[in-house]
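Counting convention: from 1, in listed order, for ligands and their atoms alike.
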Amino acid sequence: MTTRSDTTTALNRLLAEIEHRNPAQPEFHQAAHEVLETLAPVIAARPEYAEPGLIERLVEPERQVIFRVPWQDDQGRVHVNRGFRVEFNSALGPYKGGLRFHSSVNLGVIKFLGFEQIFKNALTGLGIGGGKGGSDFDPHGRSDAEVMRFCQSFMTELYRHIGEHTDVPAGDIGVGGREIGYLFGQYRRITNRWEAGVLTGKGQGWGGSLIRPEATGYGNVLFAAAMMRERGEDLEGQTAVVSGSGNVAIYTIEKLAALGANAVTCSDSSGYVVDEKGIDLDLLKQIKEVERGRVDAYAKRRGASARFVPGGRVWEVPADIALPSATQNELDEADAETLIRNGVKAVSEGANMPTTPEAVHLLQKAGVAFGPGKAANAGGVAVSALEMAQNHARTSWTAARVEEELTHIMNDIHTTCHETAERYDAPGDYVTGANIAGFERVADAMLAQGVI
Ligand code: NDP
Ligand code: 2IT
């Protein structure tokens with residue numbers, strides 16, 4: 001019989017092996033540790049999961065594509081970026097996951113995101129595998145024409161690896177509606193196919209789903225609300241700190257307001273804004289979505305209630321709930337201490353892996369409800385799967401119908417994580433609940449489908 005301590009020893013050996021075989025990929029190591037460290041109870045309880053090779057296969061992507069992306073700027077200069085698509089696991093469905101365009105992108109970052117995506121997508125219950133891609137291209141300050149040429153060059157290689165039944169990319173940092181439009185146009189041109197389901201996050205009128213732009217932020221707030229309900233509270237009247245000012249942050253702030261909470265911050269890589277009256281969403285959308293400006297412009301135009309703090313982090317602003325919505329490892333141990341000191345009740349991750357492992361540990365120890373990204377931000381990919389469903393059926397649903405489905409999915413993910421944590425003696429631990437529940441679904445499919 002396999003004991004929990006045998007299992008932990010075997011998992012630790014595998015983690016050392018992962019670090020050795022994947023050098024210089026600290027984000028991937030971090031994501032692998034975070035998942036594998038919580039799996040010992042389920043592997044000990046269900047011996048079939050201890051089958052040699054199962055976890056080893058799970059941590060090795062099925063396919064990794066790296067390619068050159070040459071493009072010309074408006075002055076005619078040639079730039080060479082690197083493109084990635086990591087097709088991690090297709091046991092539950094076609095590879096599904098976003099594309100990130102950011103200067104920090106490298107193979108290790110894409111692998112961490114792809115690995116997380118496997119479990120997140122499993123939690124949605126919608127039949128999607130895990131993948132992720134992107135490029136170290138930095139869209140900041142680039143003209144529309146430059147972004148278009150970059151997207152066209154990127155898709156000129158990517159098209160041969162994707163397809164509505166194979167691999168379905170979407171947006172992530174630096175990839176929104178504009179980029180998905182250029183990518184879709186080039187895919188259609190090269191393949192001569194109207195294949196709506198090959199990309200999600202498309203525009204209204206050409207295959208996009210209503211509520212997809214809102215889905216990640218809305219979903220995270222719904223998850224936070226479910227965690228608060230579990231504590232006998234709701235969001236009404238609560239003060240929230242939100243980081244980031246992109247797609248996820250904006251619709252997080254919007255949904256918080258709809259549920260009676262007040263988001264008082266937003267940020268970008270230059271610093272943060274705190275607004276005592278609550279973030280004015282129309283102004284933020286104008287600056288970020290229309291003008292593609294920086295958050296200091298918000299403080300300048302808002303008047304006396306707002307100020308810009310260059311280089312600072314939003315976590316120093318006292319709040320009841322915190323929703324990190326920018327990037328990985330943006331909330332560390334010192335930030336967690338500050339949040340706890342200021343009486344935070346819940347932290348719900350809109351971004352992927354924004355909270356460092358030490359910070360997660362501190363928050364959980366202090367009794368703060370902690371919603372890990374793979375559960376809390378699954379609303380985005382869930383509505384992507386609903387977009388695929390609408391594309392396959394050649395129909396489009398009303399906003400009310402999509403939002404109703406999203407609400408149902410987020411509540412279901414919350415219940416699944418909560419119940420799974422209780423089943424494995426970790427009541428209230430959503431990290432363990434999300435990892436084990438996601439793992440069980442993927443592992444069962446992998447075992448049924450044999451050694452491939
Ligand atoms: P956007 O590109 O729309 O916005 C990203 C925001 O985060 C910007 O304000 C950006 O500021 C800030 N940011 C990014 N990188 C850094 C950095 N290294 N340091 C400081 N600030 C940074 O991206 P999204 O809103 O789509 O994504 C935000 C997070 O949510 C990511 O972790 C993403 O993986 C995750 N996510 C996204 C989903 C989606 O559907 N879009 C779904 C699930 C998760 P600046 O402009 O200065 O770089
Ligand atoms: O991290 C994520 O889940 C996303 N960026 C969304 C992926 C998707 O396919 O919609």
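- Of the heavy atoms in Glu387, none comes closer than 4.0 Å to ligand 2.
- Under a 4.0 Å criterion applied to the non-hydrogen atoms of Ser384, ligand 2 contributes the atoms 8 (C), 9 (O), 10 (O).
- Atom 6 (C) of ligand 2 has as its closest protein heavy atom Arg212 NH2, 3.5 Å.
- Near Ala170, meaning under 4.0 Å from one of its heavy atoms, ligand 2 places the atoms 8 (C), 9 (O), 10 (O).
- Looking only at heavy atoms of the protein, atom 9 (O) of ligand 2 is closest to Lys96 NZ, 2.6 Å.
- For ligand 2, the atoms sitting less than 4.0 Å from at least one non-hydrogen atom of Lys120 are 1 (O), 2 (C), 3 (O), numbered in the order shown with element in parentheses.
- Within 4.0 Å of ligand 1, heavy atoms belong to protein residues Arg100, His102, Lys120, His140, Asp172, Ile173, Gly174, Arg212, Thr216, Gly244, Ser245, Gly246, Asn247, Val248, Ser267, Asp268, Ser269, Arg294, Ser325, Ala326, Thr327, Gly350, Ala351, Asn352, Asn377.
- Between His418 and His414, the ring planes lie parallel to each other; the angle is under 30°, not in the 30° to 60° tilted range.
- In terms of N/O distances under 3.5 Å, ligand 2 is approached by Gly171.
- No salt bridge links Asp73 with Arg149; every basic N to acidic carboxylate O contact stays at or beyond 4.0 Å.
- The ring-ring contact (aromatic ring centres under 6.0 Å, His included) test with Phe154 is passed by exactly one of Tyr159, Trp71, Phe67: Phe67.
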Q: Check the pair Lys96, Ser384 against side-chain contact (heavy atoms from CB on, under 4.5 Å), reporting the backbone distance first and the verdict last.
A: CA-CA 9 Å; Lys96 182 84 196 85; Ser384 276; 3.5 Å; yes
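- Counting only heavy atoms of the protein, atom 7 (C) of ligand 2 lies nearest to Gly98 N, 3.5 Å.
- A 6.0 Å sphere centred on CZ of Arg160 holds more than 12 heavy atoms belonging to other residues, nucleotides or ligands.
- Close approach to Lys132 involves these atoms of ligand 2, each under 4.0 Å from a residue heavy atom: 1 (O), 2 (C), 4 (C), 5 (N).
- Note: Trp206 and Phe184 have tilted aromatic rings, judged against thresholds of 30 and 60 degrees for the angle between ring planes.
- Neither the backbone nor the side chain of Glu116 comes within 4.0 Å of ligand 2, counting heavy atoms alone.
- In this model, a donor atom of one side chain and an acceptor atom of the other lie less than 3.5 Å apart for Thr156 and Gln186.
- A salt bridge links Glu116 to Lys374: at least one charged side-chain nitrogen sits closer than 4.0 Å to a carboxylate oxygen.
- Looking at Arg301 and Glu291, a side-chain N of the basic residue comes within less than 4.0 Å of a carboxylate O on the acidic one, giving a salt bridge.
- At a 4.0 Å heavy-atom cut-off, ligand 2 touches Asn352 through the side chain alone.
- More than 12 heavy atoms of other residues, nucleotides or ligands sit less than 6.0 Å from atom CZ of Arg294.
- With sequence neighbours left out, the side-chain hydrogen bond (donor to acceptor under 3.5 Å, both in side chains) criterion links Asp136 to Asn81.
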